[in-house]
Amino acid sequence: MTLAKQSLHRALGLTDEEEERIQATLGRAPNHAELAMYAAMWSEHCSYKSSKVHLRTLPTAGPHILVGPGEDAGVVDLGDGLACVFKMESHSHPSAIEPVQGAATGVGGIVRDVLSMGARPVALLDPLRFGPLEESRNRWLMSGVVAGIGQYGNSIGVPTVGGEVKFAPAHGPNPTVNVMCVGFAPGDRLVRARAEGQGNILVLVGAATGRDGIGGVSVLASRTLEAGSDDARPSVQIGDPFVEKLLIEACLELVEAGLLVGLQDLGGAGLTCAVSESAARAGTGADIDLDAVPLREPRMEAFEILTSESQERMLAVVRPEDLDAVRAVCAKWGLASSTIGRVTGDGKVRAKVDGRVVTEVPARSLADDGPEYRRRMEPPAWLDDLAEDDPTFADPPVDPGQAFLRLLGSPNVASKGWVWEQYDSLVQGNTLVGPGGADAAVIRIEGTLKAVALATDGNGRYGRLDPYLGAAHAVAEGARNVACVGARPLAITNCLNFGNPERPDVMWAFAEAVRGMGEACRQLGTPVTGGNVSFYNESGDSAIWPTPVVGMLGVLDDYRLLVRPGFAPGFLVYLLGETFAELGGTEYSEVTLGKVSGRVPGLDLEREAGLISLLQEASRRDLVASAHDCSDGGLAVTLAECALAGDTGFAVGLPGDLPAHVALFSESASRVVVSVSPEKAGAFEALVAEHRVPFGRLGETGGPRMVFGDAFELTVAEAREVHQGALPRLLRGERAGG
Amino acid sequence: MSRKPRVAVITFPGSNDDRDALRAIRLMGGEPVPVWHGDRELREADAVILPGGFSYGDYLRTGAIAQFAPVMDAVREHAAGGRPVLGICNGFQILCEAGLLPGALIRNRGLAFVCRRVHVRVETALTPVTSGLVAGDVLEIPIKHGEGQFVAEPDILARIEDQGLVVFRYCSPGGDLHDDGNPNGSANHIAGARNERGNVVGMMPHPEHAVDADIGPLGGQPIFESLLSSLLAGVR
Amino acid sequence: MKTRYQVFVQLKEGLADPQGKALEDSLPTLGYEGVSAVRVGKHIELTVENDNPEAARAMVEDLSKRVLSNPVIEVFWIVHTETAE
Amino acid sequence: MKTRYQVFVQLKEGLADPQGKALEDSLPTLGYEGVSAVRVGKHIELTVENDNPEAARAMVEDLSKRVLSNPVIEVFWIVHTETAE
Ligand SMILES: Nc1ncnc2c1ncn2[C@@H]1O[C@H](COP(=O)(O)OP(=O)(O)O)[C@@H](O)[C@H]1O
Ligand SMILES: [Mg+2]
């Protein structure tokens, strides 16, 4: 092949081997537009070429799973003919260069994934990772990302009900921005992203097409951003939440009227992805007329129209006889709609300009026959030394009282009120538990007693020290979180955020994380319905910590039985689960010793499962007054959060015969603090014994003070000042308090 | 009485809390009447609510475009007839833009969007939405807005106060006015205002999100009770 | 005939400008000294197709008064940039 | 010496401008015909106290690049209005 040609496919991010496969498939050299289509569809972001072989090992089936991975979003059966659609996606790369718009368009994208299944988006959650707030750039990134998520989510009337914010130096150059969206639909009204039915019409609905993110997926999300690299920058786009809101209402009206054969969002790889994926799924093809695509800019080339990632667009597959009705609904909502093509039977995606065929490519080869790599894997050399350096038996540098205040004021533990007060968590009127309200957010399904519980979890320190356990812990904590409010864990979505997969240590960590996630999901009975892989989260030689983030979905059959974390006076305090000497990789170790090292706390998934069923049963029998699980900061932080939530103090003894700082700050898994009324103590303890869950009675609730055995004590008010003041102080550029 | 009071809720492109307002009316015993921004009449509604949201994206200025919607002529007529009009959040902004209420709402003092429960003190019972309350009553209701700072030029502000056009003020749970109880920097802590006649009221807090014990505080109940009973008095 | 206009919209002098104030307050910590009287306003550019210059100008005036600004709190001024056939 | 500057910030050419578009789309129904290419941007006015004009100008440049705009999506230009002792 000619040099010019060679540089073209390489410039588009395709390897020589990939280009040869394309030639073989087409039986000729691809033209520029065709190369651009392949480059987008075979990019890491769209083709999962490095991750597929591992993702395939994940458990994806279950009696209540209606739709697993492979569609825009997973679908779970909630019973009574109700379906829940949910999916998580990453928008880290654009957010790193334009936090407001990068995060905003991330919300828009995941909302359209849920919408394209025919579901009304009812909730958003946003797991975020940033570098230390002592650096002004990280403050700029965090403020911008939060503002962007707020602006977009608030404007479209979808409540943001949960998420997480964690901090680590490794996320400074590369913040992690994941967004999860949840939607509801009647089970019989689900729409698929399928271009069924020869002769059916393809209607493009929503915003006009501009030169947005040309090569976005291949450049921005599938390669490492060189610090200050300008070439990737035009790939950032401006979100239009107003048009998105109109899209939501118009598409749902179309679905309710039964006017759609198929519906697909335009995301990564734009029109090319939407057309080839929906045709491939249906085993059909499509003829599209690029002259019919409304353009925002003059003189756009075929390849630009085909791969543009302009936001707020949906592709509807419509029966000819319904076309007028469909266009009328769009017009009612003030949305542009254009007939851009037809479904064909020959399996080809054919694009025309002035009636001339400019591209002719098999839909399947674009969507399904992407390359698949088994990349080299190798654990990093430093791992063992890091594991050896276990803080568990190091002398405590400060006394427990001081350590506690530092933990409570550390950005990972401190209240995230500064963040979620910028989100509308109330709109739609079904938020039973919003951000900061409990271990999981709880959304009522209107007109029923049912509710879904939602939690996102991921622990970067664990991921760094042991990606397998890190991912397993994320699943376990997610399941524990929804069980704490009384819900039954059903399924997960996830975002796997990693560095450059071409590096063996990154690929090893990825494989370990997938293995750990799969194992935990199998044992806890929560299949993986979907998710997203975000690679190349590194710049120069600095990669993010392996960051698997899990989005857990649970169901509550009667929300009147939901359990909150807050203490009230006059109850008995119990600790469910066992506390071991496990300070490796803990918040305590990082905050007091400045160390992220040692062995990650162990995880016994059988025990976890027992604890989870106990929590559900306890809530069903109305035996617990409050429940809150132990995670970052251990038992001490958990007790404090219960006190703060209920504005009620407590007096407890410390569990086991462990040194005070270990008993207080160990992050042993599978532990939950519950409070129980004295009358119910007998029945409760009997139930716990039935489930063979180890437990101890720690003390009682009441009074203005929090008394941690003879280790230390302080008032709830003092704790509140530290817990709530920390983040705002840091974001104002002041040093951490506490 | 002959029938349930009919309360219209207008849906503009970008309205978000229209369904919530309709639900609240139903929960509180009224007859919810959805009305489209392109409609020219209010479907025999006894009262009309302009709901919260981001009409037309609120891009240029909140409520700037919505004030010109066809349905607004019907709203003006309804107001001119002395019948109740309530603007909530974006609805308040639209009523100010439309000149049906004094003052205006600009970016919060802290610039950021604020979603939180606040307390407001009732300043007058002389409106359809406070008729069942007495001045000094304190209600707990959530706010959620980025542009809720009530402002007016000094002379206009003075007039608003002199004529008793303030309906709600942000306050402490005990009813006192402290600056830290003022979530957006509103002049004189103003959270809600009325026209001189008293039949048109705008408020930034969301009473429709404060009527359901499962969901939140109940400060919105007396507001809808007042509205519905004043309508009953009217439609009887 | 096409004429390009720029419309400037700003809060009235008497009213505190939250964006301007927040910006001004943040500057010293960002290392910018001696900056004062910061006001943040809007800047709208638009092209009007109309063969009658007076009519075009009048329309932009009216548009600015009714839509682009809120006379209760804002002032505006119009700058005419270029005209092309 | 006090100098007053005006800084204009606008989205780069080619990027979608949702504000401009929403406004432009609504104008016909509001009775304004023949208006096109509407762009909405920011307009910041500020006064700099500095006896060295070059330094003052340089600071405003830097401020515009680092704080008032994000070069990734926006362009800015600076207009110097008046100078007073
Ligand atoms: N980490 C993962 N685990 C399971 N499934 C995944 C994961 N990442 C991606 N998938 C699935 O692969 C498919 C393609 O992913 P993606 O490109 O993110 O979807 P979309 O095309 O809607 O953006 C989706 O069905 C998604 O659920
Ligand atoms: Mg999709």
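Below, chains carry the letters A, B, ... as their sequence lines are ordered, and counting in each starts from 1.
- Enclosure of atom CD in E77(B) is not indicated, since only 12 or fewer non-hydrogen atoms of other residues, nucleotides or ligands lie within 6.0 angstrom.
- The contact list for residues 146-156 of chain A toward chain B, using heavy atoms and a distance under 4.5 Å, reads N154(A), S155(A), I156(A) by residue number.
- Residues of residues 329-336 of chain A having a heavy atom under 4.5 Å from any heavy atom of chain B, listed by number: K332(A), W333(A).
- Residues of residues 415-424 of chain A lying within less than 4.5 angstrom of chain B, judged on heavy atoms, are E421(A), Q422(A), Y423(A), D424(A) in numerical order.
- Side-chain contact between I88(B) and P51(B) is absent, with no heavy-atom pair separated by less than 4.5 Å.
- Only one option out of Q428(A), E249(A), E256(A) pairs with R120(A) in a side chain to side chain donor-acceptor pair (under 3.5 Å); it is E249(A).
- I49(B) and I25(B) make their closest contact through CD1-CD1, 4.1 Å (heavy atoms, listed as atom of the first residue, atom of the second, distance).
- Side-chain atoms of T127(B) come within 3.5 Å of backbone atoms of T130(B) as a donor-acceptor pair (strictly under, hydrogens ignored).
- The parts of S425(A) that come within reach of chain B are both its backbone and its side chain, each placing non-hydrogen atoms under 4.5 angstrom from that chain.
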Open item on the list: Show, in sequence, the C-alpha distance, side-chain angles and deciding distance for R296(A) and D212(A), and conclude whether the salt bridge (Lys or Arg N to Asp or Glu O under 4.0 Å) test is met.
Closed with: CA-CA 10 Å; R296(A) 200 180 67 227; D212(A) 295 305; 2.7 Å; yes
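- At a 4.5 Å heavy-atom cutoff, the contact between R444(A) and chain B is made by side-chain atoms alone.
- The shortest side-chain heavy-atom distance between T11(B) and P34(B) does not fall under the 4.5 Å cut-off.
- Of all residues spanning residues 14-21 of chain B, those with a heavy atom less than 4.5 Å away from chain A's heavy atoms are G14(B), S15(B), N16(B), D17(B), R19(B), D20(B), arranged by number.
- Under the 3.5 Å distance criterion, the side-chain polar atoms of R729(A) are left unmatched by any main-chain donor or acceptor of E734(A).
- Residue R620(A) qualifies as enclosed at atom CZ: its count of foreign heavy atoms under 6.0 Å is above 12.
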TODO: Step by step, work out the salt bridge (Lys or Arg N to Asp or Glu O under 4.0 Å) result for R112(A) and E244(A).
DONE: CA-CA 8 Å; R112(A) 287 190 299 277; E244(A) 181 98 344; 2.6 Å; yes
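- Looking at every heavy atom in both residues, R169(B) comes nearest to N188(B) through NH1-O, 3.0 Å.
- Checking side-chain atoms of E312(A) against main-chain N and O of D240(A) turns up a donor-acceptor pair under 3.5 Å.
- R327(A) places a side-chain N or O within donor-acceptor distance of the main-chain N or O of S337(A), the cut-off being under 3.5 Å.
- Just one of Q149(B), R109(B), H145(B) meets the side chain to side chain donor-acceptor pair (under 3.5 Å) condition when paired with N184(B); it is H145(B).
- Remark: side-chain polar atoms of Q221(B) are paired, donor with acceptor, to backbone N or O of V211(B) under 3.5 angstrom.
- Put simply, the side chain of H206(B) never gets that close to the backbone of I141(B): no donor and acceptor are under 3.5 Å apart.
- When each of N430(A), V433(A), V158(A) is checked for heavy-atom pairs under 4.5 Å with chain B, N430(A) comes out on top.
- Among R23(B), E208(B), R116(B), H209(B), the residue making the largest number of heavy-atom pairs under 4.5 Å with chain A is R23(B).
- Ring-plane geometry between Y56(B) and F242(A) is classed as tilted, the angle between the planes lying from 30 to 60 degrees on a 0 to 90 degree scale.
- Looking only at distances, a side-chain donor or acceptor of S229(B) sits under 3.5 Å from a matching main-chain atom of E225(B).
- Q101(A) places a side-chain N or O within donor-acceptor distance of the main-chain N or O of G239(A), the cut-off being under 3.5 Å.
- Interface summary for chain B: among L432(A), L246(A), I248(A), the most heavy-atom pairs under 4.5 angstrom belong to L432(A).
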